[in-house]
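All remarks here apply to the structure that follows.
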Amino acid sequence: MHEVKTDNPGDKPEKKPKRPKLPRTGMPEQPARVRATNFDEVTLGYNEDMAKLEASRCLQCKRPKCVDGCPVGIDIPAFIKAIENGDPAAAIAKLKETTSFPAVCGRVCPQEEQCELLCVLGKKQEPVAIGRLERFAADWELNNSTSSKPAIAARTGRSVGVVGSGPAGVTCAGELAKMGHDVTIYEALHKPGGVLVYGIPEFRLPKAIVQRECDYVESLGVDIKLDYVIGRTMTVDQMMESGHDAVFLANGAGLPSFMNIPGENLNGVYSANEFLTRSNLMKAYRFPEYDTPIKVGKKVAVIGGGNVAMDAARTALRLGAEVHLIYRRSREEMPARAEEVHHAEEEGIIFNLLTNPTRIIGDNEGWVEEIEVIEMELGEPDASGRRRPVPVEGSERRIPVDVVIVSVGTKANPLLTKSTSGLDLNKWGNIVADENTLATSKEGVFAGGDIVTGAATVILAMGAGKIGARSIDRFLQGQPLLTNEEQEAIRAAEEKAANKAAAR
Amino acid sequence: MYKIIEKVDYSDDVYMQVIEAPAVAAAAQPGQFIVLRIHEEGERIPLTIADFDREAGTITIVVQAVGKSTRHLQKLGKGDSIANFIGPLGLPSEIEKVGTVVCAGGGVGVAPVYPIARALKEAGNKVISIVAARNESLLLWEDKMREISDELIVTTDDGSCGRHCLVTEPLKELCEAGGIDLVYAIGPGIMMKFCCKTTEEFGVKTIVSLNSIMVDGTGMCGACRVNVGGETKFVCVDGPEFDGHQVDFDLLMSRQRQYLSQEKESLELYVECGGDKKCMK
């Protein structure tokens, strides 16, 4: 409670001046009607004055709750203090002690569910805009091209192979390089960044930023090998034989799921992964200057309610289509970030909620012509705690569309796991890794990110990258993967959870 | 960058390139494919591996120029480089000794049949090869195929070389004569479809290699999905080889035509601009 006291008028005003109750500083953005026709970034970022003003709202809690909400444990009050003091260089240095990707996280982390959710200010007013401040510090560095480099330990002579250059892989590689190990990343695609380049659109995360972050990790001494498909070009066993002392598997979620409804293989039906990969990675939105084509037509249906569905819908809109989002539950159950849903709606995406597709109807040439949907109502809560949608009989209707984009999640890609012996998988094909160490059933092999958890967030994958690096470092030094204190803490936490469950 | 070591033009449209890609060559097996991208603005195109040389670290591809990218690639020769070359992708052919195998290749499909036929021969099978094309100028690798086959049949649609018939005619005769344990048929969709129709009558197992549209080639996008035995499969991770009697060829061919209008637009612009990138913007 100490931190709240300082905000109290009667509490030692001579020691600390009373802070005026400032509202959260708004984020400047492109007007919805303008941005709906371009691929430039939607939000424009704070300027220095806005950042200082927002930073001044931070109470500088002695025991900051926000840090508990951050999957990588950034010292949030410290970097915000530096911004308030007008020293963005110090802010970015502080951030880089714990995160390799501040410009990315400042943009795509769901802060409202993490650090900002726990911000003490948020109890009475709006929480400090931690994500926007993180982005400000990172962008300041990009604009002033003074890349601050952290200290790198003496070379250990040990070598680690990292599979995948997405958020988990690059974070892990960066951490290991700082610890003095030789690190090689193997990336299957022709550009590094994983989901940050093929999945998240330019208007939400400019690719130049991803490239800068990857360049930064290379500047730490990490070697990124592109066009390298582990499981095909080389197996995990061959990686170990070729001189890597340990391997971190972070190859991502992989295979797109479809709904198994009639008509899903018609021309004009895309997985969100394909649609976004064509547009983002292959730059099909600039066809024919770029060779990869993309089909949008006049009217597009996007199926799903997650962030990927929003990205696909907003991409199709920018390519000139009228876009109908089809989601089987109501708005409250939508897994997408509130900000993304809000932006999508502002831009003119038409929401068809409590609506589920039943089949896709084609013309004589095998092209999509219509999508048949059925109305849903919410019934009893299911295992996830969300109310289960139930079809309303006889409520089928058809929406004429040229293109359908299916965004209902992904499954584990079997390409790497099937070619690796001795690797335990769960029933969905995800790699089984110890929650606390990310060790797999295979000696010297660790795994993290979506290939372990199933599709999740960028920051969770980065958190896994950090844990993986810590474990690999200890493994290489012949130490136990967990210290006694860590084991004790885990045991205590488990006991507490068990007691809680028993009390219920 | 990946260097082109050798280039041979077989006709106005068909050419062969040997590309330096040691990591791909080290792992390549018959039946697999690669994905390449010529330059920064290029698309990713999948091509079946026609041959590989582990010692030299090279992969051989045989390409029929149809669109902009394959026309552009055709212009590149010995000493030129391409931006990306990824592989080997897909599952390798299952090479076993089964007895007598017919290996039928149509058009540029002969090239990917070659390493499979060679491996089947090395595994102790009797290999009867059928090399088919529309006309003599499009006939490929007749000599290479003869070297590794116990028997070789050449057919052309117009009779300009070999037998004057479609590939299905000798295939049917061989099935009728009996003793065929396995058929490999690789070529255009329509050729594979009718080869499968021919062998199905006789209950002879027939493997085809599908050439669907792809983007990443590693299972991530699902562009290559086909229907096999009523189930959706991804050619890049579940294939490219499938039991031909289970494949919905009409769907495959329909999906291959998805970008015809864009492909035409892109090629026309390329020809009009004479390959000048600035003009194409």
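In what follows, every heavy atom counts, from backbone to side chain, and hydrogens, waters and symmetry copies are set aside. Naming: A, B, ... by sequence-line order, numbering from 1 per chain.
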B:Gln32 versus chain A, the contacting section by heavy-atom distance below 4.5 Å: side chain
So which bits of residues 228-240 of chain B come within less than 4.5 Å of chain A, counting non-hydrogen atoms only? B:Thr232, B:Phe234, B:Cys236, B:Val237
What part of A:Glu264 gets closer than 4.5 Å to chain B, counting heavy atoms only: side chain, backbone, both or neither? backbone
Go through the atoms of B:Leu89 and report whether side chain, backbone, both or neither lie under 4.5 Å from a heavy atom of chain A. both
Could you note down all residue pairs passing salt bridge (charged side-chain N to carboxylate O under 4.0 Å, His left out) where residues 228-244 of chain A supplies at least one of them, sequence neighbours left out? A:Asp237-A:Lys442
For A:Asn267 and A:Glu365, does a side-chain donor sit closer than 3.5 Å to a side-chain acceptor? no
What part of A:Lys191 gets within 4.5 angstrom of chain B, counting heavy atoms only: side chain, backbone, both, or neither? side chain
Need one label for B:Ile213: side chain, backbone, both or neither, based on atoms under 4.5 Å from any heavy atom in chain A. side chain
Test: B:Arg118 and B:Asp51 ion pair at under 4.0 Å: yes
Pair A:His244 + A:Tyr186: ring centers closer than 6.0 Å: yes
For chain A, which of B:Gly42, B:Gly222, B:Ala28, B:Ala27 has the most heavy-atom pairs under 4.5 Å? B:Gly42
Below 4.5 Å from any heavy atom of chain B, which atoms of A:Asn265 appear? Answer side chain, backbone, both or neither. both
Run the numbers on B:Lys264 and B:Leu267 for side chain to side chain contact (heavy atoms under 4.5 Å, CB included), then give the verdict. CA-CA 5 Å; B:Lys264 193 164 163 259; B:Leu267 180 61; 6.0 Å; no
What one should report as the nearest heavy-atom pair of A:Ala284 and A:Thr292 is CB-O, 3.1 Å
With sequence neighbours excluded, tell me which residues meet ring-ring contact (aromatic ring centres under 6.0 Å, His included) with B:Tyr259. none
Throw together a table of side-chain donor-acceptor distances under 3.5 angstrom for residues 255-263 of chain A, partners on residues two or more places apart or in other chains.
none

Regarding B:Arg255 and B:Asp248, does a basic nitrogen lie under 4.0 Å from an acidic carboxylate oxygen? no
Top of A:Val229, A:Leu189, A:Thr233 for chain B proximity - count of heavy-atom pairs under 4.5 angstrom: A:Thr233
Given a strict heavy-atom distance threshold of 4.5 Å, which part of A:Thr277 is in contact with chain B: side chain, backbone, both, or neither? side chain
Determine whether a donor-acceptor pair (N or O, by modelled atom type, separation under 3.5 Å) exists between the side chain of A:Asn251 and the backbone of A:Gly164. no
Region of A:Phe275 in contact with chain B, defined by heavy-atom distances below 4.5 Å: neither
Counting only heavy atoms closer than 4.5 Å, note whether B:Ser69 contacts chain A via side chain, backbone, both or neither. side chain
With a 4.5 angstrom heavy-atom cut-off, which part of A:Ile294 approaches chain B: side chain, backbone, both or neither? backbone
Between B:Asp250 and B:Lys193, does at least one N-O distance fall below 4.0 Å, as a salt bridge requires? yes
Looking only at heavy atoms, the pair that brings B:Gly217 and B:Val35 closest together is CA-CG2, 4.4 Å
In terms of heavy-atom proximity below 4.5 Å to chain A, should B:Ala21 be classed as side chain, backbone, both, or neither? neither
Find out whether A:Ile303 and A:Ile371 are in side-chain contact, i.e. whether some heavy atom of one side chain is under 4.5 Å from a heavy atom of the other. yes
Quick check on A:Leu416 against chain B: is it the side chain, the backbone, both or neither that has a heavy atom closer than 4.5 Å? neither
Residue B:Gln258 versus chain A: region with a heavy atom under 4.5 Å: both
